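Notes to accompany the following structure.
Computed from a predicted model, the values in this text were never measured in an experiment.
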Amino acid sequence: MTSRTPVPDRAEHNAFFPSEYSLGQYVPPRTDFDGADHEKVASGPRKILMIGTDERYLPLADGRFFSTGNHPVEMLLPLMHLVSAGYEIEVATISGNMVKLELWAMPAEDEAVQRAYTDLLPQLQNPRKLADVLRDTGSHDDYAAVFVPGGHGAAIGIPHSSDVRAALQWALDEDKFIITLCHGPAALMSLADGDTSPLAGYSVCVFPDALDQGPNIEIGYLPGRMRWFVAEELQKQGLTVVNTEMTGQVHRDRKLLTGDSPLASNALGRLAVEALTGRS
């Protein structure tokens, strides 16, 4: 029987990777990606700004740290669909440092996902600094959407970043799409002024708080209780969370596209292409 004990991260004091048992539950060898043969977009903006996390360690309530990052499936599957439709991906982080990934969640036998990772790797290792992207005011018309992938790493820094807030506020002001899933919707918290958010009244899918509050600790995926929970915080800001379980659900409310977990990655990619191109 595999262990449910979180695995120490030898690179940092009191930090832990998920247990072997939890990875057996959560990381299948292949995804549900079944191809992306989309008609190329013919006109309009062609760039997708992806805001990745540059932070590895999520502080927990008991002083321990979860060794995390962006989930590779939640990042790559939506991008695979967008690239197939002719969109160009620009990767940015808050600091300009490399994107941190949960490589332990990479599907080992999924060759399509592995190829997509290899193609994106130069940008992941050398992203733009988000503030520099925001300063390039002359080029903003080239962007069709802002994409924030999930993974618990999206809950570090990004929800409280003024640069993330500026990027998302620009998307709202310019009627652009915002695409995010799992813990990625934590980025939406950056838009709030106190408990007042321009997204109040919107509805979203998000990773269920109930899993992070109990089962994920019990199976050793998380080494302890999180200090706060994404769905709960978004609800405080007036958003409605439409899911309570992890089923692969995706959801569109105006130009906000969301998914509940890694299980939603493929469907969210298809939804994003349909929404951006107007084709079903």
Side-chain angles (χ1 to χ4, degrees), residues 1-12 14-34 53 56-62 64-78 80 100-114 116-117 149-156 180-186 205-232 241-251 258-269:
M1 180 180 296
T2 54
S3 174
R4 298 188 181 211
T5 302
V7 177
D9 178 351
R10 296 175 63 186
E12 185 65 42
N14 216 21
F16 298 85
F17 296 114
S19 70
E20 293 181 17
Y21 176 84
S22 69
L23 294 184
Q25 298 298 303
Y26 275 157
V27 184
R30 296 181 183 85
T31 70
D32 64 343
F33 180 72
D34 53 358
T53 182
R56 171 71 67 198
Y57 298 107
L58 176 66
L60 301 175
D62 64 359
R64 285 183 287 184
F65 296 88
F66 179 37
S67 186
T68 180
N70 282 131
H71 193 291
V73 170
E74 294 172 12
M75 174 185 291
L76 294 170
L77 263 64
M80 291 158 73
K100 302 298 192 300
L101 288 171
E102 298 172 332
L103 285 181
W104 38 259
M106 184 72 76
E109 299 176 15
D110 198 315
E111 295 181 0
V113 175
Q114 297 279 356
Y117 171 63
H152 284 78
I156 315 170
T180 185
L181 73 166
C182 199
H183 292 82
C205 279
V206 63
F207 189 82
D209 287 352
L211 289 178
D212 278 336
Q213 290 166 347
N216 277 353
I217 300 171
E218 294 164 8
I219 66 174
Y221 187 84
L222 288 172
R225 185 176 174 86
M226 294 171 61
R227 294 183 177 181
W228 53 270
F229 299 95
V230 178
E232 179 181 324
V241 176
V242 299
N243 65 299
T244 58
E245 299 180 348
M246 183 177 69
T247 63
Q249 183 177 349
V250 296
H251 183 70
T258 53
D260 68 7
S261 68
L263 301 178
S265 303
N266 192 45
L268 184 64

Query raised in the report: With a 4.5 Å heavy-atom cut-off, do Arg225 and Asp62 have their side chains touching?
Result: no
Query raised in the report: Ser19 side chain to Thr5 main-chain N or O, any donor-acceptor pair under 3.5 Å?
Result: no
**Report entry** CA sep, side-chain torsions, deciding dist, call: Gln249, Val242, side chain to side chain contact (heavy atoms under 4.5 Å, CB included)
**Finding:** CA-CA 9 Å; Gln249 183 177 349; Val242 299; 3.6 Å; yes
Report task. Ignoring hydrogens and angles, tell me if any N or O in the side chain of Arg4 forms a donor-acceptor pair with the backbone of Tyr21 under 3.5 Å. Result -> no
Report task. Answer whether the closest heavy-atom distance between the side chains of Phe66 and Pro18 falls below 4.5 Å. Result -> yes
Requested in this report: Search all heavy atoms of Pro107 against all heavy atoms of Val113 and return the closest pair with its distance.
Outcome: CG-CG1, 4.0 Å
Query raised in the report: To the nearest 0.5 Å, how far apart are CG in Leu60 and CZ in Phe65?
Result: 8.0 Å
Query raised in the report: What closest approach, in Å, do Asn216 and Tyr26 show between heavy atoms, and which atom pair accounts for it?
Result: OD1-OH, 2.6 Å
Query raised in the report: Are Gln213 and Glu232 side-chain neighbours, meaning at least one heavy-atom pair lies under 4.5 Å?
Result: yes
Report task. Flag the pair His183 / Asp212 as yes when at least one side-chain heavy-atom distance between them is below 4.5 Å, and no otherwise. Result -> yes
Query raised in the report: So, His251 versus Asn243: side-chain donor-acceptor pair below 3.5 Å or not?
Result: no
Requested in this report: State, yes or no, whether a side-chain contact exists between Asn70 and Glu102 at a heavy-atom distance under 4.5 Å.
Outcome: no
Requested in this report: Would you check if there is a donor-acceptor pair between the side chains of Ser3 and Glu20 at a distance under 3.5 Å?
Outcome: no
Query - Side chain proximity check, Ser67 to Glu12, heavy atoms < 4.5 angstrom - result: no
**Report entry** Non-hydrogen atoms of Leu222 and Pro6 that approach each other most closely
**Finding:** O-CG, 4.2 Å
Query raised in the report: Would you say the side chain of Asp34 lies within less than 4.5 Å of the side chain of Asn266, judging by non-hydrogen atoms?
Result: yes
Query raised in the report: Is there a side chain to side chain contact (heavy atoms under 4.5 Å, CB included) between Leu263 and Met246 once you walk through the steps?
Result: CA-CA 8 Å; Leu263 301 178; Met246 183 177 69; 4.1 Å; yes
Requested in this report: Mind checking the CG-OG1 spacing from Leu101 to Thr53? Nearest 0.5 Å is all I need.
Outcome: 9.5 Å
Query raised in the report: Is the number of heavy atoms from other residues, nucleotides or ligands within 6.0 Å of CD (Glu111) greater than 12?
Result: no
Report summary line: Closest non-hydrogen contact found for Met80 with Ala116 is CG-CB, 3.6 Å
Query raised in the report: Is Glu245 atom CD crowded by more than 12 heavy atoms from other residues, nucleotides or ligands, each under 6.0 Å away?
Result: no
Query raised in the report: Are any of the side-chain heavy atoms of Tyr117 and Leu103 separated by less than 4.5 Å?
Result: yes
Report task. Measure the spacing between OG1 of Thr68 and NZ of Lys100 and express it to the nearest 0.5 Å. Result -> 11.5 Å
Report task. Would you name the heavy atoms of Glu74 and Pro149 that are closest together and state the gap between them? Result -> O-CB, 4.1 Å
**Report entry** Main-chain N/O of Phe16 paired with Asp9 side-chain donor or acceptor, under 3.5 Å
**Finding:** no
Requested in this report: Taking all heavy atoms of Gly248 and all of Ser261, pick out the closest pair and write down the distance.
Outcome: N-OG, 4.2 Å
Query - Working for side chain to side chain contact (heavy atoms under 4.5 Å, CB included), residues Leu77 and Asp32 - result: CA-CA 9 Å; Leu77 263 64; Asp32 64 343; 4.0 Å; yes
**Report entry** Atom pair CZ (Phe229) and CG (Leu211), whose distance is rounded to the nearest 0.5 Å
**Finding:** 11.0 Å
Query - Stepwise side chain to side chain contact (heavy atoms under 4.5 Å, CB included) test for Leu181 and Phe207 - result: CA-CA 8 Å; Leu181 73 166; Phe207 189 82; over 6 Å; no
Requested in this report: Give me the ring orientation class for His152 and Tyr221: parallel if the planes are under 30° apart, tilted from 30 to 60°, perpendicular past 60°.
Outcome: tilted
Requested in this report: Look only at the side chain of Arg64 and the backbone of Ala15, and say whether a donor-acceptor pair between them is shorter than 3.5 Å.
Outcome: no
Requested in this report: Give a yes or no answer on whether the side chain of Asp260 reaches the backbone of Thr247 with a donor-acceptor pair at less than 3.5 Å.
Outcome: yes
**Report entry** Pair Thr31, Asp110: side-chain N/O donor-acceptor within cut-off below 3.5 Å
**Finding:** yes
